[in-house]
Amino acid sequence: MSMPETTTAIAPTRVAHHRRYLMCRPEHFTVTYKINPWMDPAGPTDTAKAVAQWQKLYDLYLELGHEVELIEPLAGYPDMVYTANGGFLIDGRAYVPKFYFEQRQGEAPAFADWFRANGFDTVEPSEVNEGEGDFLLAGDVILAGTGFRSAGDSHREVHEVFGREVVTLTLVDPRFYHLDTALTVLDPVQGVQNGGPEHVNIAYLPGAFDAASRAILEERFPDAILVSDEDGAVFGLNSASDGYNVIISPRAKGFEKQLRERGYNPITVDLSELLLGGGGIKCCTLELRTLLSERSETKCGAQAE
Ligand SMILES: CN(C)C(=N)NCCC[C@H](N)C(=O)O
């Protein structure tokens, strides 16, 4: 007797990759000026709460097997906790930020000093750019945001610095003023580092981009997770992925479900206090990409569905 044919959907295998991050304890966190729509200098902030919430993120990264380096927080720079703006690093080279707003400009030399003291070559920028807030490595390609902070000319500069293809994406909604508030790279490691080509995927909020950028994203990432306005509005996309574990806001319920359906492991961390400064999980996390030859281990665990 022949059995009826059945088809079983096979969920992809997701692999967690080892990460090395730079973070900054928010000891001086408060909101005394307004440089994005989330900030209200008249509202109360609670530095102890910000530190406690941040600590949970820090501890989680260590539990997941990642390395976390710390930069000393500077008094008078309450936004320094958002280390993603502190640079953009690939293969041991750090492209230093040039902040758009005066209130943050003093952070740049502190980050540059830290990079040099920790063995990175630094490249001083000519153009305004806010580091990994606007530059995201997706496989071998750099996705680059502009519209609010990083200047379009910084995209040319970042191409010259790293010699990689740079894809310009224009942000149009002031709530999503950095690329990493509107787009997350889910499978950031690709190519030889990982023993062969790997599918790189992203999640994004379509409404945060102009029509031309949306068309580019649709063409390059046809399988991308499209996040709802509701989840985008709670900074759901400001998340950090190691390829399997995706650290997200507990308020991004729909995105959490979408990630599970795709075989990722969403883990929620509440950074509501740091949202008062206009930043979330990814903003507090700068990836330190060292030279390939210095990487001892690229995978820190594997999970199959
Ligand atoms: C995406 N990233 C890195 C961020 N969104 N960073 C948060 C920066 C917040 C700061 N008050 C500012 O407006 O610069």
Side-chain angles (χ1 to χ4, degrees), residues 21-24 26 28-43 45 47 50 53-54 57 71 73-74 76-89 94-108 110-111 128-138 142-151 154 158 169 171 173-185 188 202-205 208-209 227 232-241 247-249 252 269 271-288:
Y21 291 138
L22 179 64
M23 296 180 73
C24 179
H28 305 294
F29 176 75
T30 184
V31 177
T32 53
Y33 50 81
K34 182 177 177 74
I35 57 172
N36 68 55
W38 304 83
M39 301 173 86
D40 174 12
T45 51
T47 307
Q53 291 185 335
W54 175 95
L57 180 63
I71 182 169
L74 293 180
Y77 290 96
D79 278 336
M80 200 166 162
V81 58
Y82 306 113
T83 52
N85 299 129
F88 182 54
L89 297 87
Y95 178 53
V96 171
K98 184 169 173 183
F99 285 91
Y100 183 87
F101 287 106
E102 195 196 344
Q103 289 93 331
R104 297 198 66 184
Q105 285 166 1
E107 294 177 38
F111 279 106
V128 169
N129 84 88
E130 299 205 347
E132 211 170 52
D134 274 325
F135 298 119
L136 295 172
L137 188 62
I142 296 170
L143 302 180
T146 190
F148 296 101
R149 298 290 180 91
S150 299
S154 70
V158 89
L169 300 168
L171 297 159
D173 181 332
R175 291 173 301 162
F176 307 106
Y177 56 93
H178 280 135
L179 182 62
D180 73 356
T181 62
L183 187 151
T184 302
V185 178
I202 64 167
Y204 66 96
L205 176 67
F209 297 92
V227 166
V234 292
F235 260 23
L237 283 159
N238 196 247
S239 57
S241 172
I247 322 303
I248 63 166
S249 160
V269 173
L271 292 189
S272 57
E273 196 61 25
L274 291 163
L275 194 57
L276 300 176
I281 290 159
K282 176 65 190 77
C283 300
C284 296
T285 310
L286 174 65
E287 186 162 357
L288 299 170

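Residue indices begin at 1 and follow the sequence shown. Values below: every heavy atom of this structure, side chains too, minus hydrogens, waters and symmetry copies. We count ligands from 1, going down the list as the structure has it; atoms in each ligand are counted the same way. Note that this is a predicted model, so its numbers are computed, not measured.
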Chemist: For residues Ser150 and Asp134, is any side-chain donor paired with an opposing acceptor at under 3.5 Å?
Modeler: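 Yes.
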
Chemist: Give the protein residues with at least one non-hydrogen atom closer than 4.0 Å to an atom of ligand 1, ordered by chain and number.
Modeler: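 Near ligand 1, by chain and number: Ile35, Asn36, Met39, Asp79, Tyr82, Ala84, Asn85, Arg104, Gly133, Arg149, Tyr177, His178, Asp180, Thr181, Asn238, Gly277, Gly278, Gly279, Cys283.
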
Chemist: Anything under 30° is parallel, anything over 60° is perpendicular, the rest tilted; go ahead and classify Phe135 against Phe88.
Modeler: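 The rings of Phe135 and Phe88 sit tilted, inter-plane angle from 30° to 60°.
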
Chemist: Do you know which two heavy atoms are closest between Lys34 and Pro37, and how far apart they sit?
Modeler: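 Here Lys34 and Pro37 meet closest at NZ-O, 3.4 Å.
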
Chemist: Taking Met23 as the fixed residue, which of Leu286, Leu57, Val81 is the one that meets the side-chain contact (heavy atoms from CB on, under 4.5 Å) rule?
Modeler: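 Of Leu286, Leu57, Val81, side-chain contact (heavy atoms from CB on, under 4.5 Å) with Met23 is met by Leu57 alone.
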
Chemist: Calculate, to the nearest 0.5 Å, the distance between atoms CG and CG belonging to Leu183 and Leu136 respectively.
Modeler: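 Output value for this atom pair is 6.0 Å.
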
Chemist: Between Arg175 and Phe235, which heavy-atom pair has the shortest distance, and what is it?
Modeler: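 For Arg175 and Phe235, the tightest heavy-atom pair comes out as O-CE1, 3.9 Å.
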
